[in-house]
Each structure stands twice: as C-alpha cells, then as structure tokens.
Undergrad: 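Before I ask anything, let me first share the structure, which is written out below as structure tokens.
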Amino acid sequence: MDYQKLADLLFPDIDKTPEDYEAMYPARDLPAGTPVTRLGPSPTGFIHLGNLYGAFVDERLAHQHGGLFLLRIEDTDDKRFVEGAVETVIDSLDYFGIHFDEGASKEGEIGDYGPYHQSDRGPLYRCFAKKLVAEGKAYPCFMTEEEIAAIRAEQESQKLTPGIYGSFAKCRDLTIEEVQAHLDAGETPVIRLRSQGNPEEPAQIHVQDAIRGELTMPENFQDVVIIKTMGLPTYHFAHACDDHLMRVTHVIRGEEWLSSLPIHYELFTALGFEVPMYCHTAVLMKVDENGNKRKLSKRKDPELALDFYKELGYHPLAVREYLLTILNSNYEEWRMANPDTDCDEFPFTLEKMSTSGALFDIAKLNDVSKDVLVKIPAKELYDFLTGWAKTYKPEVLPLLEDEDYILKILDLGRSGNKPRKDFVSASQMFDFISYFFDDYYKLEDEIPEQVSQEDAAKILDAYLATYDHSDEQPVWFDKIRTLGTELGYAAKPKDFKKNPDDYKGHVGHVSGVIRLAIVGRASSPDVWEIQQILGEERTKARIAKMRKNL
RNA sequence: GGCCCUGUGGUCAAGCGGUCAAGACACCGCCCUUUCACGGCGGUAACCCGAGUUCGAUUCUCGGCAGGGUCACCA
C-alpha cells in the first residue's frame with residue numbers, strides 16, 4: 001500500500017509540511033519550565049462556575065510564574081456556535097479578574113501562534129492528518145451513519161465494547177482504487193486514526209498528571225475520527241495539534257476528559273509530539289433541591305451559571321476568594337495569616353488541589369463575601385452597587401443618585417475595630433439598606449413578644465413626646481431606658497435575666513419596638529445612627545405611622 | 001454494562017503507619033453588648049464496609065459498596 005499516494009489523493013490541497021508549521025511556531029522564548037496554559041471554550045457562550053474554576057487554575061499557574069495564558073476558541077462544531085459568545089466568554093471571565101495574554105480577544109487576535117479560532121486552522125490540521133495518512137497511521141473511512149449504528153447495535157447485543165476498531169473498522173484496509181471509487185461517487189470520508197492499540201489485550205499506558213500523580217490506563221484501541229467530514233478536526237486531534245504547536249505546557253481541564261486520555265496519548269505519540277503535563281481538576285458538584293444529596297453539575301443548574309453570581313451581585317473578589325478556598329485547601333490558613341494581602345499573592349500550587357469533587361457551598365461563599373466586602377471602602381461599594389443596579393435593577397437607580405446619602409448608609413457601623421459584616425452581595429446590599437427609601441420601607445417583623453400591643457403604643461407615644469433629634473446617642477438611649485423602666489421593663493438585660501419575674505422584659509425589647517418603627521425590622525445597625533441619617537422629619541413620621549396602625 | 005476517577009463530621013478539608021483524628025463554614029450554648037450584628041469562648045458531629053500486611057492501620061494491598069465521569073463526525 002502506497003500511503004503517500006493515498007495521502008496525496010485525500011489532501012491534494014495541502015502543500016505545507018508539518019516542518020513548515022514547526023518552523024512557523026517555534027519554541028517560545030521563555031525560560032525553561034515557564035508554564036503556558038490555555039482555555040479552550042466552545043463558543044456556546046455558556047460559562048459556568050466549573051469553567052471559572054478551571055480558568056482560574058490556568059490563570060494562576062501562568063501568571064504566578066511569569067508564564068502565558070491564552071484563549072483559544074474551539075469552534076470546530078458549527079452546531080454549537082452562538083452569536084457573540086466569544087465576547088460573552090471574555091467579558092464573563094474579565095468580570096472575575098481573569099485576563100488573557102494571547103489569543104482571541106475583543107480587538108481581534110493577539111499573538112504569534114494563531115490563528116486562535118480552530119475554525120481558521122483547517123489546513124493546519126489537515127496537514128498533520130495528511131502526515132499520519134502518509135505514514136499509515138490514519139485512513140479515510142466512508143462508513144455511513146447507518147452502518148455505524150448497525151455495528152453498534154450488534155456490539156451491544158453481543159456485549160462487546162462499542163466502537164470502530166479491529167474488524168469493525170471496515171475501511172481500514174481499503175485499496176487506493178476503492179478509495180478512489182468512493183471519492184468518484186461523491187462521498188466525503190472522515191479520517192480515522194489507525195490505532196496501534198490491541199483490542200484483545202490493551203497495554204497499560206502511564207501519563208503524568210500534576211494534580212493526580214501518575215495515571216495508569218489501558219491504551220486506546222479505537223480508530224477514532226480525527227478529521228470530520230467537513231474537514232475540521234475533532235477535539236482530540238485539535239487538542240494534540242494546537243497544544244503542541246501553541247507550545248502549551250500544562251493542559252488544565254476537567255476530569256471528564258480523563259477517559260479520553262488514552263486517545264490523546266496515542267495521538268501525541270503518533271504525531272511525534274511531546275505529551276504535555278496534564279492537570280485534571282475535580283468537577284464541582286451541587287446539592288439538589290430538597291435532600292442533601294449529591295448531584296452532578298449539570299449545565300442547566302442556574303447557580304452554576306456564572307451570570308447567576310453577576311445577577312445576584314456577588315463581588316468578583318468574593319468569588320475569587322471563595323474559589324481559592326476550594327482550589328487550595330491551605331488558602332484559608334494563608335488568608336488568616338495575611339488578612340490584608342492581595343489574594344493574588346497567595347502561592348497557588350497544583351499539588352495542593354483536591355482530587356475529589358467539591359460540593360458548591362453558597363453559605364461558605366456568603367461568609368467569604370462578608371469578609372471581602374467589609375474591607376472595601378464605602379465609595380467603592382457605592383460604585384459596585386450602582387454598577388450592578390445599572391444592569392440588573394435599573395428601577396432603583398434614582399434612589400441611589402444621592403451619593404453622600406448612600407455613602408453614609410453603606411458605612412453604618414463599619415468603622416472601628418469590630419466592623420459589622422452586613423453585606424454579602426449587591427442585591428442583598430440593596431435589600432439590606434432598602435428601609436432607607438420610603439417606597440421600600442415596610443413592617444417586616446413583629447413586635448417583640450415581651451411587649452404587648454398596649455405597651456408598644458405607650459412606648460411610641462412616650463418616645464415621640466420626648467424625642468429630640470439633637471440628642472447625643474447616650475442621652476437618646478437614656479430616654480429609652482427611662483421610658484422602659486416606667487412601663488416595667490428592666491433598664492439592663494442582666495437585671496431581667498436575674499429576675500425575669502420582676503419585669504415584663506428589658507430595654508432591648510423596648511428599643512426593639514422603636515427599631516421596628518424606624519426600620520421595619522427586628523435587626524439593623526444602630527438605631528440612633530439610622531435616625532441621624534434619616535433626618536428628624538422622617539424619623540418622627542415613621543414612629544407616628546406605626547403608632548397609628550397599632 | 002466496560003473502563004476510569006473519587007470516598008475523613010451536614011459542607012469544604014488537613015492528615016501521608018502510632019494524633020485525645022487539625023481548621024473553616026453551618027448549627028447549638030455561653031460571654032460581650034442598649035437591640036441586631038461583629039468579636040471572644042465552648043459544644044454536638046467524621047475516617048464507607050470486609051479481609052490482608054504490620055507490634056500497630058484513617059493512612060499500604062486486595063475485594064466489595066457508594067457517588068461521579070466517560071464510552072459521538074460535542075467539546
């Protein structure tokens with residue numbers, strides 16, 4: 001069999017040689033061992049937490065060691081194309097602080113190792129496919145969908161391993177004449193790898209994984225498709241060609257790729273490429289609605305979509321920090337030791353990555369977020385909040401116009417060495433401060449149970465009667481204390497605790513009524529400060545309003 | 001079903017033959033406090049099961065079991 005002739009017959013249009021490409025994309029001018037990583041999204045535009053998690057690993061690894069992180073668009077499947085998806089991907093990641101050094105960008109492609117859209121690399125893949133055909137390592141296959149389905153059905157009925165291999169690979173040994181005949185009949189073949197693997201007794205292969213250590217798996221024996229009918233490569237083949245030619249050193253991807261590793265190993269070997277360092281990350285999982293059961297991370301789970309966090313207004317830094325806590329288990333320890341250091345300073349390592357799937361924990365995210373937001377100055381919080389509102393809650397924008405007013409609100413109780421940690425996300429922030437806006441102010445909680453309806457009325461009456469907006473905070477509170485004492489409430493909670501039968505309740509319950517009137521809730525920052533921000537008129541009005549409705 | 005990955009408290013997760021089995025989140029209690037928070041202190045709670053190796057296994061080996069992944073001209 002003259003394989004060279006077959007190659008020329010199949011790829012008459014390919015005039016470049018693999019050597020040409022090797023010369024075109026020389027080894028990178030970087031110190032030895034410098035990582036080059038890549039993200040290869042398909043242009044569906046859908047990015048989920050898992051993608052971000054992986055992208056974060058790429059980004060950290062590259063940027064922490066002076067390496068390069070590039071974006072390659074894996075658009076070899078036209079069915080998956082979504083208009084504007086590339087921009088979406090870039091924007092989504094950008095929001096969370098993930099930036100690329102090379103590859104696809106919104107201003108066109110950057111870098112000398114392009115093109116960075118796989119759909120623009122057709123000739124390159126075909127060139128390497130041609131080489132494999134010429135070496136007898138790949139061949140054209142004309143089997144129809146129906147034939148393949150029939151083979152599969154038979155394999156299933158006989159409980160054989162499904163796939164095209166061994167004697168099932170009917171086009172493996174077509175003669176040139178037969179190929180020519182198919183071609184003349186107008187058929188377009190796919191190109192399949194002529195696998196060297198042994199279907200009867202697959203040998204063991206060993207591949208290094210930076211996260212999991214040495215992986216041992218049975219060799220591939222499937223004649224996988226490497227070039228599809230329309231001339232573009234499958235993921236497997238593109239992965240081998242691109243990651244080699246783009247001089248990628250670390251292939252970071254989810255563990256769902258683990259099972260196709262033998263294919264990639266054979267492809268790299270057949271092409272004469274050095275196998276890259278693989279880094280198979282654990283998949284993120286979730287808890288399902290009712291039960292606390294584990295469940296796989298489906299693309300449809302809304303809380304896994306990245307935009308979910310943007311919509312809720314989680315701060316990008318918070319998401320980054322949260323991800324870091326599940327990326328490297330020693331992160332939290334580091335954070336405690338370095339409370340004010342930029343999280344980018346954290347020495348991230350692949351070795352410290354977990355190999356088992358982490359369950360996404362929103363409670364933990366919230367906790368991390370509180371710690372992150374408490375350190376952000378009010379002015380920045382303001383910009384963050386308004387920025388979020390602009391796209392996700394524009395109707396409240398007018399309320400946020402008075403910057404000085406909002407700034408005071410955002411800084412409530414945040415000074416001192418024990419700042420409040422009230423804020424979790426932009427949407428939650430707005431809800432939290434919404435009582436400052438009359439349109440949103442409403443009674444959300446009940447009067448403390450220790451206080452009767454009747455007493456509540458008396459409290460409000462007395463409060464209003466003695467109210468002086470210019471009172472300093474201690475004076476203000478003494479008045480509440482006095483007023484409470486007169487109605488039979490303990491001036492100090494401790495007194496009440498010691499002798500609960502002597503009192504109806506304590507001053508906390510009394511002030512609880514006032515708090516409810518002012519903010520409509522049982523919980524809030526300091527009421528006196530709130531009143532100062534609210535102003536005398538509105539303060540009195542709210543007291544009066546609640547009194548009236550009792 | 002085949003192959004592969006994973007298996008420590010509710011969740012995340014240290015551990016790498018000998019520990020009273022860290023820590024964080026959540027939960028509960030107490031303290032602080034004018035409320036709510038914040039903070040501090042304390043508490044409940046775990047090595048999937050069974051063999052084997054060993055003086056000794058959470059840690060090593062094997063076998064189960066469980067969860068997940070994958071078996072496309074999708075990535």
Side-chain angles (χ1 to χ4, degrees), chain A residues 40-44 74-77 79-80 118 141 143 145 148 152 156 159-163 188-192 202 212 215-218 222 224-230 232-236 238-239 253-262 280 282-283 285 287 292-297 322 325-326 329-333 335-336 352 354-368 370 374 413-414 416-422 448 473-474 476-478 480-481 484 491-494 506-516 519 521-528:
Chain A
S42 65
T44 57
E74 313 219 329
D75 53 354
T76 55
D77 180 16
K79 288 186 284 295
R80 299 188 88 177
Q118 289 182 331
C141 173
M143 280 196 282
E145 255 181 73
I148 294 172
R152 186 185 187 83
E156 274 171 17
K159 294 200 186 329
L160 294 171
T161 305
T188 312
V190 298
I191 305 298
R192 284 185 186 274
R212 292 160 194 266
L215 298 166
T216 304
M217 327 186 99
Q222 298 269 353
V224 292
V225 172
I226 58 175
I227 300 286
K228 302 188 263 189
T229 319
M230 74 276 205
L232 284 174
T234 54
Y235 168 86
H236 309 300
H239 154 53
R253 41 145 72 155
E255 68 176 334
E256 68 267 21
W257 290 107
L258 231 27
S259 53
S260 45
L261 192 53
H280 289 98
V283 294
M285 298 196 273
V287 194
N292 268 22
K293 288 179 182 175
R294 293 188 163 195
K295 203 184 167 189
L296 94 146
S297 56
Y322 170 68
T325 66
I326 50 180
S329 51
N330 54 329
Y331 177 74
E332 289 185 85
E333 198 179 306
R335 175 45 87 206
M336 275 187 266
K352 280 260 173 21
S354 171
T355 49
S356 57
L359 210 48
F360 174 71
D361 185 359
I362 199 152
K364 183 80 178 184
L365 203 214
N366 289 344
D367 182 68
V368 171
K370 282 182 181 178
V374 79
R414 296 214 314 155
N417 55 351
K418 286 185 178 182
R420 298 180 62 91
K421 297 181 179 176
D422 290 322
Q473 211 234 24
W476 165 80
F477 194 74
D478 273 343
I480 295 177
R481 204 172 252 149
K492 297 196 169 178
K494 266 187 182 166
H506 62 76
V507 66
H509 302 128
V510 176
S511 64
V513 176
I514 295 161
R515 160 175 278 113
L516 189 64
V519 307
R521 301 174 190 172
S523 156
S524 79
D526 185 73
V527 172
W528 182 79

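Proteins get letters first, then strands, A, B, ... in listed order; numbering begins at 1 in each. What you see is a predicted model, and the numbers here were worked out from it, not measured in a lab.
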Undergrad: Does a side-chain N or O of A:Lys494 approach OP1 or OP2 of B:rC32 to a distance below 4.0 Å, or not?
TA: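 A:Lys494 to B:rC32 OP1/OP2: side-chain N or O found under 4.0 Å.
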
Undergrad: What class does the angle between the rings of A:His509 and A:His506 fall in, given that below 30° is parallel, 30 to 60° is tilted and above 60° is perpendicular?
TA: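 Taking A:His506 first and then A:His509, their aromatic rings sit tilted (interplane angle of 30° to 60°).
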
Undergrad: Is there a Watson-Crick or G-U wobble partner for B:rC30 with both distances under 3.5 Å, and which nucleotide is it?
TA: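 Because both required distances fall under 3.5 Å, B:rC30 counts as paired with B:rG40.
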
Undergrad: Tell which nucleotide pairs with B:rC73, taking only Watson-Crick or G-U wobble pairs whose two distances are both under 3.5 angstrom.
TA: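 By the stated definition (distances under 3.5 Å), nothing pairs with B:rC73.
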
Undergrad: Consider the side chain of A:Trp476, meaning its heavy atoms from C-beta on, and name the nucleotide among B:rU34, B:rA26, B:rG23 that approaches it most closely.
TA: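 Taking heavy atoms from C-beta onward, the closest nucleotide is B:rU34.
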
Undergrad: Is the shortest heavy-atom distance from the side chain of A:Arg481 to the side chain of A:Phe477 under 4.5 Å?
TA: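 They are in side-chain contact.
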
Undergrad: Side-chain contact, heavy-atom cut-off 4.5 Å: A:Ile480 with A:Val507?
TA: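 They are in contact (side-chain heavy atoms under 4.5 Å apart), so the answer is yes.
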
Undergrad: Is any side-chain heavy atom of A:Asp77 closer than 4.5 Å to a side-chain heavy atom of A:Ser42?
TA: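 When only atoms from C-beta onward are counted, A:Ser42 and A:Asp77 do not touch, as no gap falls below 4.5 Å.
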
Undergrad: Could you tell me how far B:rG50 sits from B:rC31 if I compare only their P atoms? Round to whole Å.
TA: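 Here B:rC31 and B:rG50 have their P atoms 44 Å from each other.
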
Undergrad: Return the value, rounded to whole Å, for the distance between atom CZ of A:Arg253 and atom C1' of B:rC4.
TA: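 Distance check: A:Arg253 CZ to B:rC4 C1' gives 14 Å.
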
Undergrad: Closer than 4.0 Å, any side-chain N/O of A:Lys364 to the OP1 or OP2 of B:rA13?
TA: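 Indeed not, no polar side-chain atom of A:Lys364 lies that close.
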
Undergrad: Write down the distance between CD1 (A:Ile326) and P (B:rC25), rounded to a whole number of angstrom.
TA: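 Taking CD1 of A:Ile326 and P of B:rC25, I get 16 Å after rounding.
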
Undergrad: Ignoring backbone atoms, test whether A:Lys228 places a side-chain nitrogen or oxygen under 4.0 Å from the OP1 or OP2 oxygen of B:rC74.
TA: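 True: A:Lys228 side-chain N/O within range (under 4.0 Å) of B:rC74 OP1/OP2.
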
Undergrad: Let me know the distance between CD of A:Glu156 and C1' of B:rA72, rounded to the nearest Å.
TA: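 Going from A:Glu156 (CD) to B:rA72 (C1'), I get 13 Å.
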
Undergrad: I'd like to know if the side chain of A:Lys228 and the backbone of A:Thr76 have a donor-acceptor N/O pair within less than 3.5 Å.
TA: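 Indeed, once roles are kept as given, a pair shorter than 3.5 Å links the two residues.
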
Undergrad: Of the nucleotides B:rC73, B:rG23, B:rU34, which one has an atom closest to the side chain of A:Thr234?
TA: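 It is B:rC73.
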
Undergrad: Could you tell me if the side chain of A:Leu215 sits less than 4.5 Å from the side chain of A:Leu261, heavy atoms only?
TA: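 Answer yes - side chains close enough.
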
Undergrad: In whole Å, what is the span from the CG atom of A:Leu516 to the C1' atom of B:rC36?
TA: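 Rounded to the whole Å, the gap is 13 Å.
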
Undergrad: Counting side-chain heavy atoms from CB outward, which of B:rC71, B:rA75, B:rG23 is closest to A:Glu332?
TA: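 For the A:Glu332 side chain, the nearest candidate turns out to be B:rG23.
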
Undergrad: Quote, to the nearest angstrom, the C1' distance that separates B:rA45 from B:rC28.
TA: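 Their C1' atoms lie roughly 11 Å apart.
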
Undergrad: How far, in whole Å, is B:rA22 from B:rG9 if one measures between their C1' atoms?
TA: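 Their C1' atoms lie roughly 13 Å apart.
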
Undergrad: Here's a test of your reading of the structure: between A:Pro233 and A:Leu215, which maps to the more 5' nucleotide of RNA chain B?
TA: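 Checking each residue's closest nucleotide, the 5'-ward one belongs to A:Leu215.
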
Undergrad: Rounded to whole angstroms, how far apart are CZ on A:Arg414 and P on B:rG39?
TA: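 Interatomic distance, CZ of A:Arg414 to P of B:rG39: 14 Å.
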
Undergrad: How would you label the contact of A:Thr161 with the nucleic acid (heavy atoms, under 4.0 Å): base, sugar-phosphate, or nothing?
TA: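 Answer is nothing: A:Thr161 stays at 4.0 Å or more from every strand.
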
Undergrad: Please determine, for B:rA14, whether a Watson-Crick or G-U wobble partner exists with both distances under 3.5 Å, and give it or none.
TA: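 Paired with no nucleotide.
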
Undergrad: Using the side-chain heavy atoms of A:Met217, tell me which of these nucleotides is nearest: B:rC4, B:rU70, B:rC25.
TA: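 Of B:rC4, B:rU70, B:rC25, B:rC4 is nearest to the side chain of A:Met217.
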
Undergrad: Taking protein heavy atoms under 4.0 Å as touching, what does nucleotides 41-48 of chain B look like 5' to 3' if B marks base contact, S marks sugar-phosphate-only contact and - marks none?
TA: --------

Undergrad: Where the side chain of A:Pro493 is concerned, which of B:rC73, B:rU34, B:rC5 is the nearest nucleotide?
TA: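 Comparing B:rC73, B:rU34, B:rC5 against the side chain of A:Pro493, the answer is B:rU34.
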
Undergrad: If you check every side-chain atom of A:Thr229, which of B:rA75, B:rA26, B:rC73 has the closest atom?
TA: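 Nearest listed nucleotide: B:rC73.
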
Undergrad: Distance check needed: B:rA26 C1' versus A:Lys421 NZ, whole Å only.
TA: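 It works out to 15 Å between those atoms.
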
Undergrad: For A:Lys159 and B:rC71, what is the distance between atoms NZ and P respectively, to the nearest whole Å?
TA: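 About 21 Å, once rounded to whole Å.
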
Undergrad: Can you find a pair of side-chain heavy atoms, one from A:Lys364 and one from A:Ile326, that are under 4.5 Å apart?
TA: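 No, every pair of side-chain atoms sits at 4.5 Å or beyond.
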
Undergrad: Measuring only between side-chain heavy atoms, which start at C-beta, is A:His236 closer than 4.5 Å to A:Ser260?
TA: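 Side-chain contact under 4.5 Å: yes.
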
Undergrad: Does any non-hydrogen side-chain atom of A:Ile226 lie less than 4.5 Å from one of A:Pro233?
TA: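 A:Pro233 does not reach A:Ile226 side chain to side chain.
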
Undergrad: Between B:rC5, B:rC38, B:rA75, which nucleotide gets closest to the side-chain atoms of A:Arg212?
TA: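 That would be B:rC5.
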
Undergrad: Check whether any side-chain nitrogen or oxygen of A:Arg152 sits under 4.0 Å from OP1 or OP2 of B:rA72, and answer yes or no.
TA: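 Yes.
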
Undergrad: Check for a donor-acceptor pair, side chain of A:Gln118 on one end and backbone N or O of A:His239 on the other, with a separation under 3.5 Å.
TA: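 Side chain of A:Gln118 to backbone of A:His239: no pair is present.
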
Undergrad: State, yes or no, whether a side-chain contact exists between A:Thr355 and A:Glu255 at a heavy-atom distance under 4.5 Å.
TA: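 No, side chains not in contact.
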
Undergrad: Just name whichever nucleotide pairs with B:rC60, Watson-Crick or G-U, keeping both distances under 3.5 Å, else none.
TA: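 Check on B:rC60: paired to B:rG52, both distances under 3.5 Å.
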
Undergrad: Would you classify A:Val190 as touching base, sugar-phosphate or nothing, given that sugar-phosphate means primed atoms plus P, OP1 and OP2, and contacts are heavy atoms under 4.0 Å?
TA: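 It contacts base atoms.
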
Undergrad: Look through every strand shown and name the nucleotide pairing with B:rA66 as Watson-Crick or G-U wobble, where both distances are under 3.5 Å.
TA: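 By the stated definition (distances under 3.5 Å), B:rU6 pairs with B:rA66.
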
Undergrad: Given B:rU34, B:rC4, B:rC5, identify the nucleotide with an atom nearest to the side chain of A:Glu255.
TA: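 Of all the options, the side chain of A:Glu255 is nearest to B:rC5.
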
Undergrad: If only side-chain N and O atoms of A:Ser354 are considered, is one of them under 4.0 Å from the OP1 or OP2 phosphate oxygen of B:rA13?
TA: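 Yes, A:Ser354 has a side-chain N/O under 4.0 Å of OP1/OP2 on B:rA13.
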
Undergrad: So if I take every side-chain heavy atom of A:Lys418 and compare against B:rA75, B:rG39, B:rC73, which nucleotide ends up nearest?
TA: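 For A:Lys418, the side-chain atoms sit closest to B:rG39.
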
Undergrad: Would you say B:rG39 has OP1 or OP2 under 4.0 Å from some side-chain N or O of A:Arg420?
TA: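 For B:rG39, neither OP1 nor OP2 has a side-chain N or O of A:Arg420 closer than 4.0 Å.
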
Undergrad: If you compare every side-chain N and O of A:Thr76 against the phosphate oxygens of B:rC74 (OP1, OP2), does one of them come in below 4.0 Å?
TA: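 So the side chain of A:Thr76 is outside the cut-off, no N or O lying under 4.0 Å from OP1 or OP2 of B:rC74.
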
Undergrad: Reckon A:Gln473 touches a base, only the sugar-phosphate, or nothing at all at heavy-atom distances under 4.0 Å?
TA: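 Counting heavy atoms under 4.0 Å across all strands, the contact made by A:Gln473 includes a base.
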
Undergrad: What integer distance in Å separates A:Arg335:CZ from B:rA13:P?
TA: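 The answer, rounded to whole Å, is 20 Å.
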
Undergrad: Go through B:rG39, B:rA75, B:rU34 for me and flag the one nearest to the A:Arg481 side chain.
TA: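 My answer, after comparing the listed nucleotides, is B:rU34.
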
Undergrad: With nearest nucleotides of RNA chain B determined for A:Cys141 and A:Asp422 from heavy-atom distances, which residue corresponds to the more 5′ nucleotide?
TA: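 Closer to the 5' end of RNA chain B: A:Asp422.
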
